[in-house]
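The structure appears below as structure tokens.
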Amino acid sequence: MGLTRRTFVKAGTAGVGGAVALGFDLKEARAEMRAFKISRTTETRSTCPYCAVSCGVIIHTLGDKAKNATPSVVHVEGDPDHPINRGTLCPKGSTLRDDINNPNRLTSPKVRRPGSDKWEDISWDAAIAGIAKHIKETRDKCFVEKNAKGQVVNRNPGMAMIGGCTDTNEFNFLQWKFITALGVPYRDSQARV
Amino acid sequence: MASLAATFGRGAMTNGWVDIKNADVVLCMGGNPAENHPCGFKWAIEAKKTRNAKLISVDPRFTRTSAVADLYSPIRAGTDIAYLLGIIRYAIETKRFHEDYVKLHTNAPYVIADKFAFDEGIFSGFDAGKGEYDKTAWAYEGDPKSKSYVVDETLENPRCVFQLLKKHVDRYTPEMVEKICGTPKETFLKVAEVVTSTGNAQRVGTILYALGWTQHSVGVQMIRCGAMLQLLLGNVGRPGGGVNALRGHSNIQGATDMAGTFEILPGYLKTPSAPLQTLKDYLEGATPTTLNKQAWASMNYWQNYPKFMVSLLKSAYGKNATKENDFGYSWLPKVDGNYSWMYIFDDMYRGSSMRAGGKEPGPEGLVTFGMNPVGIGPNSKKMISALAKLKWLVVVENYEIETAIFWKAPKEYGGPETAKIQTEVYQLPASGFAEKDGTFTNSARWLQWKWKALDPPNGSKTDQEILARIFLAVRELYKKEGGPGAENVLNVAWNYTNPAAPDLGEVLKEINGKAITDIPDPKDKTKLIRAAGQQLENFGQLQDDGSTLCGNWLHLGVYTEAGNMAQRRSPADPTGLGMFHQWGFSWPANRRIMYNRASADKDGNPWDPTRVGIKWNGEKWVGDVPDIKPDSKPGEYGAFIMNPEGVGRLFAPALNDGPFPEHYESVEAPVDNVLHPKVTSSPVTKKFSSDKDVYGKKEDFPIVCTTYRLTEHYHYWTQHTKVLTQLQPGFFVEIPDVLAQQKGIANGSKVKVSSARGSIEGVAMVTKRLRPMKVDGKELWQIGFPLHWGFAGLPEHTGPLANFLTPSAMDPNTWTPEFKTFLVKLEKA
Amino acid sequence: MSVHSLEIRRSSASLLGGATGMRALPDVAKYVDTSTCIGCKACEVACQEWNDLAPVATHQVGTYQTLPTLDAGFWNLIRFDEREVDGGLKWLMRKDQCMHCAEPGCLEACPAPGAIVQYANGIVDVNPDNCIGCGYCETGCPFDVPRFSAKTGKMAKCTLCVDRVSVGLEPACIKACPTGCLHFGTKEDMVALGSARVAQLKANGFPQAALYDPQGVGGTGVVTVLGFGDHPEWYGLAANPHVPLGVKLWKNILRPIGLIAIFGALIGTVGHYFTYGKKEYREEA
Amino acid sequence: MSVASLDTHGADVAVTAGRDREDIVVGGEIVRHRRSSRFIHFAVAATFIVCLLTGLPIWTPFFTWMATLFGGLSFCRWLHPWAGIFFAVSSLVMFVHWAGQMTFEPGEKSWLSPKRLMSYLEYRDDNTDVGKYNPGQKLQFWCAILAAVGLLASGVVMWFPASFPQIVRELSILLHSLTFILFVMLITWHVYLGTAAEPGTFHSMTRGTVTKAWARLHHPKWYRQVMGLEK
């Protein structure tokens, strides 16, 4: 019998005869219950990506990380040990599974050419090369080595860079190196707006 | 955060989420934490349940927070300064403030030089031509001989901060508060009484605020009011106290710490400006000097600035940074003026800007990682028109967002025709939180490592890989072709094991910092503080001679030789106060409550023995990680170690719009300023002047409007998540029932809201939760709507961008737009 | 045969049976404190997520409430109510779901053997294997909870996450609740918790606070703290719920009488035949 | 019986047309129910029996075993309302078909008094003036129609409970039960009388004809009318 089956209690002996006479089927009645769906999932500790409360979440993925298994997220639940959320989650955190598995996720680089009214698929290599070319051209064109007062400023006002508040500290640090290298002065993030 | 830094020394949430449970009074103002931070808000509920704490909600709308509050007070949007200065006045008048604390831990006794004055809504030092203040007019009185501050412990000197404050707030009587804020006097007095009940050693109160304060043209001063009030009540640095900025993005704190804005480098070091041509100039300008020679000297922690900066430069430029070349200082881009959000898009729209007296190009290319400026920025029409001027745009995202498809925005957004938009747009599929590891820093400054659960979907890449690959490709071009300032690009250190997809653990190690060469112990030259290559453990090990490397001094201690502290997951809390020192890592130095020295009196005994922040045990400070030298005797240093004067600032000469807050109306003012009709809005607030920057007048747009988030949604992100769009199935406008009745608007019917910038339509939600306001004797209406709709979400979730109606006006300190108060008119659609 | 921790205490339309009492289990209950509910709807979606329920179609009609009432795909709904009380505004929110009555009207009304069961810990659950989708439970429920699912042809409602509870976890909604206005434990503990909270509320400006655990249905598996205990209807709760009279009459009176009557009629015909025989044409003498 | 043996006037017509006309003599027998009558009667009967057999196991677990006949309770649940619809439609047709013949004539009401009913059941009654349908049969007809209406109305509510208010749902459950109980009692007697108790009656519903003797015994007045003995 499957683990999910739940056994009804056998009928008491009294009255069984009568029931038989009336044609009752006295085979064990069973209730089929939903399986406990996360009994063997793989648990990964993470942090909710939405607000700054930083609720601990546990991501349940299908499979045991074996070589031949591709994990997919079947459930996300609060981390009961996390001191701040203690297992609780708001409606957004409670539905993180549907963010991770969202059918609307982007899965290929696209480009919209000047004047065009549609996206075109593009390979990663072509996209990176195209972007790098734009960045270089703009920087070469707009680079200000010295300002109007003759002070060395080494900046590239032709380019602006925003974002990072939804990504890791490490990403943000790399991003700072990126803008420092390119001399981007126009830099902002959600910290301001 | 500028206001907290100006008041306390650091710009971040002072306490922690769990610590809210220690409060006796929780004031939610300028924020709706039940709606926006439900899981953190639980600790306010916990305080209610376990300590009978009083929860107060002051908000233009009766919100989800108000629904569970003990006290709800309506307020007209944008008038929080008058309200709070009213409470400060009440506290001073009724002596319901923590006098011992104020004398010990604030600059209340400090005497201000006579150049400071305030008259008819203008502080001294105002330059009407520039629209700016000369802040030197607000200086402390200095004793020229001893170079020290003049202090009056009795608080009676008429030029001392306390007396000046008393005089300044004297106008904010309960009657005046009612006149300005529309709050019934009785309600205001009830709130004032409960809030000031914490103005003593026995009780503690906290303030929870968020963007309801920040996003005003006087946002910084609103927060300043909260910070001042908490100083006055003696609630800063104490468990259950503080001014708690509830931040809205998972890593908004971390991004800010990591130079997410143009004006700072990692660790809140200042972005060098053009006049500071050498490292020496820069360090001299940036490192504050201690003026104080009183008994209470300051640690003036910023005196270590050169160590932080040089170690950062070593991290940025690696071996290329040498003492001889100023550690590469000259390669850093220098700024002239403002490059923040509003200027990015204004200069983009204009195509150029004036810098140091010369014309320079505006941005022709934009890279955005996980950010949707079309949705986020005010005045969407201008946003879209600005983007249309770009030559190229790179959008790195998990979903298709409005910004990526700005070129096919609906007609009403006023952009050029698609065929005329010459922007080349790249949309790169990135990865979600579950698909990468790394740390987020929460609102309470906790860095917590998260582990990767699965790979990004086929076809997408992690953000760090995308960034690295673009960087490497550009660097390769400069290697091959050269170009202006090529060395700046080539000199940046990118020494990761896998440069095309840096391991985030490796990056975190770099952020924490390490010794490059052996660092001998200055006390005992035979010993080493750190051997070459070892991870640093604390701030004290940083050097300014290039022997240490540190990506962000604030995070020092997060990844030591003992391992990745952000991965710690012990739920142990021996303090019982919710500090959890063994869980993750909290900057600075794993300290959970900032300024905790202020939780104790002059002898080092806690104000409240049941809620010990730190206390002096005769040898050292124990409890939380002390926010002071651990073995410094009580009396040796002030509690606010980041401020040169060592105390919290009731009078803060650091901000651009005045040392004291003053009530000003929003840029689109619904009424004249009752206090000084000639100076209605802040004299130093910033507006823009392009053809897209139009502002409404109260005669044409008589209704006050505000925008906000809903708990069911997250910004412009969850508009792609069906299970959430189901919960809030359509854009709506909240309208007071009496106003709806007057206009014949039925609940559930369509209405049109217009500002000077355009109009939007939505479903009317007629409610009692917004009520008629009597402001200066006149009837005034407030309405509001949430911001989660747009044209890129699920088909059933498309709706107007809330920011279509918001103005390009901003705070003069943080340059944060005024999303929370603007003028509209309302009609049946 | 599997051995499970949960025996069945009662089963619908079963003449016989019942828990053996071999293993005694305490009743479990949810605790809902409406005075600290912020209506965030985490419980709504936590329920959908755990039970893999697809999003339902909704429409903006000028309220924060997701749906007018419960749905076969939406077992947990926060009800919102704006109301002026003594000049002050109250925004009342209550989590609506199956109340897991001690005397469940749905189980009483259910004609399908074993389709609705009450486990030994008091959880009332629909067993889709046995459910025939007749909808009697809709009539039997005093709280208007069970819903017919056109997709499955069965009834659907909150299971109190019996799959979680039986392995020692709290229900999904309870776990999610950010403010802790939801709680889970034994009924006894939840009543104690509720009584303490009611006492606190009474001392803090809610003199009418009360614990809603209606005895008309033998008490419920959801213990609700109401700030305005004298007005349960403000929260969408019946003042005095009980198994509907119609269902009781039908089940306890009409059905046995009907059975006797039908058999009586049958027996009557036999008696008639034995007594009078056939009425047939006889050749006239 | 072979066609060739028929001799009565019109009999050949009746026979070749499948006993399509009533109240005519066919050889030694009389056509009592023409084909459509029989068809309608059995349509009502059959749909009722399906309803009965699918309804009883839903009604009480006492009859759960019956569900096996139809492959289980869920199928019963599915079939019952549709069978009910067919039952109601058949009953409607039956109503139209028979209503005209089922009107009570003056004086017939007294037949329905308990005393006369008892004497009818004890085979002691004087039925000299009983026409084609005795008042009991007419009553049976009207009860069947009433029952169909009651079962249909309450059944629809029970089919779609979510669309009706609670009180209506409860009343419907009661009405459905009550109607069913009364109706099934009636039908029990109807079947009994039509088969075991009164031989020859069932034949009238299968082949359509009764013997002259049967007619004279049970419906003398009708017999006289058919035989042309009385106008």
Side-chain angles (χ1 to χ4, degrees), chain C residues 12-16 69 72 109 111-113 115 129-142 144 146-148 153-154 244-251 253-270 272-273 275-284, chain D residues 56-64 67 72-78 80-81 120-124 157-162 164 166-178 180-182 184-189 191-193 196-201 211-218:
Chain C
S12 59
S14 294
L15 293 175
L16 309 164
T69 66
D129 271 3
N130 296 336
C131 174
I132 60 171
C134 66
Y136 280 33
C137 50
E138 285 183 289
T139 306
C141 175
D144 188 29
R147 290 288 182 274
F148 179 74
K154 313 268 181 186
L245 189 63
V247 171
K248 277 189 180 158
L249 276 177
W250 168 71
K251 189 176 174 180
I253 308 220
L254 215 45
R255 219 160 70 173
I257 289 178
L259 267 177
I260 292 167
I262 291 168
F263 279 105
L266 265 172
I267 293 162
T269 57
V270 173
H272 181 266
Y273 193 77
T275 312
Y276 303 104
K278 298 186 244 186
K279 180 180 185 182
E280 59 187 337
Y281 172 77
R282 293 179 192 88
E283 288 297 322
E284 276 170 66
Chain D
L56 276 177
I58 297 174
W59 185 56
T60 164
F62 207 87
F63 294 116
T64 301
L73 213 49
S74 285
F75 189 71
C76 290
R77 153 73 181 86
W78 179 84
H80 185 79
Y120 166 73
L121 289 175
E122 288 167 1
Y123 307 153
R124 295 188 286 104
V157 175
M158 291 164 74
W159 201 0
F160 305 103
F164 297 91
Q166 175 71 15
I167 184 72
V168 176
R169 296 185 207 171
E170 283 179 47
L171 286 175
S172 294
I173 287 188
L174 291 173
L175 180 65
H176 207 72
S177 260
L178 192 67
F180 157 71
I181 292 164
L182 294 175
V184 95
M185 287 166 72
L186 193 68
I187 292 299
T188 306
W189 277 88
V191 172
Y192 165 67
L193 291 173
E198 296 178 357
T201 309
T211 61
K212 287 175 183 166
W214 185 93
R216 206 163 55 224
L217 175 66
H218 294 289

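Below, chain A is the first sequence line, B the second, and so on; all start at residue 1. These numbers were taken from a predicted model, which means no experiment stands behind them.
For chain C, the nearby part of D/Pro57 is the backbone; its heavy atoms alone come within less than 4.5 Å. For D/Trp78, no part lies near chain C; criterion is any non-hydrogen pair under 4.5 Å. For a residue to count as touching a neighbouring chain, one of its non-hydrogen atoms must lie under 4.5 Å from one of that chain's; by this rule D/Ile187 does not touch chain C. When heavy atoms are compared at a cutoff of 4.5 Å, C/Leu259 approaches chain D by way of both its backbone and its side chain. Only the side chain of C/Lys154 comes within contact range of chain D, with at least one heavy atom under 4.5 Å from a heavy atom of that chain. Heavy atoms closer than 4.5 Å to chain C are found in the side chain of D/Phe180, but not in its backbone.
The distance from the CH2 atom of C/Trp250 to the OG1 atom of D/Thr60 is 8.0 Å, given to the nearest 0.5 Å. Taken from OG1 in D/Thr201 to NZ in C/Lys279, the straight-line distance is 9.5 Å, to the nearest 0.5 Å. The OG1 atom of C/Thr275 sits 9.5 Å away from atom OH of D/Tyr123, with the distance rounded to the nearest 0.5 Å.
If you tally non-hydrogen atom pairs under 4.5 Å between each of D/Leu56, D/Val184, D/Leu121 and chain C, the highest count goes to D/Leu121. Most heavy-atom pairs under 4.5 Å with chain C, from the set D/Ala196, D/Cys76, D/Gly72: that is D/Ala196. Between chain D and the options C/Leu245, C/Leu249, C/Leu254, C/Leu266, the largest number of non-hydrogen pairs under 4.5 Å is found for C/Leu254.
In terms of modelled atom types and a separation under 3.5 Å, the side chain of D/Tyr192 and the main chain of C/Tyr273 share a donor-acceptor contact. Judged by distance alone, with hydrogens and angles left aside, the side-chain atoms of D/Arg169 form a donor-acceptor pair with the main-chain N or O of C/Glu138 at under 3.5 Å. In this structure, the side chain of D/Gln166 engages the main chain of C/Thr139 through a donor-acceptor pair within 3.5 Å.
Classified by interplanar angle (parallel below 30°, tilted 30° to 60°, perpendicular above 60°), the ring pair C/Phe263/D/Phe63 is parallel.
In this structure, C/Ile257 and D/Ile181 have side chains that are not in contact, with every pair of non-hydrogen atoms separated by 4.5 Å or more. With a 4.5 Å cut-off on side-chain heavy atoms, C/Pro111 and D/Arg77 do not count as touching.
The two residues D/Pro161 and C/Gly135 come nearest to each other via the heavy atoms CG-O, 3.9 Å. Looking at every heavy atom in both residues, C/Pro244 comes nearest to D/Glu170 through CB-OE2, 3.1 Å. Minimum heavy-atom separation, D/Pro61 to C/Ala13: CB-O, 3.1 Å.
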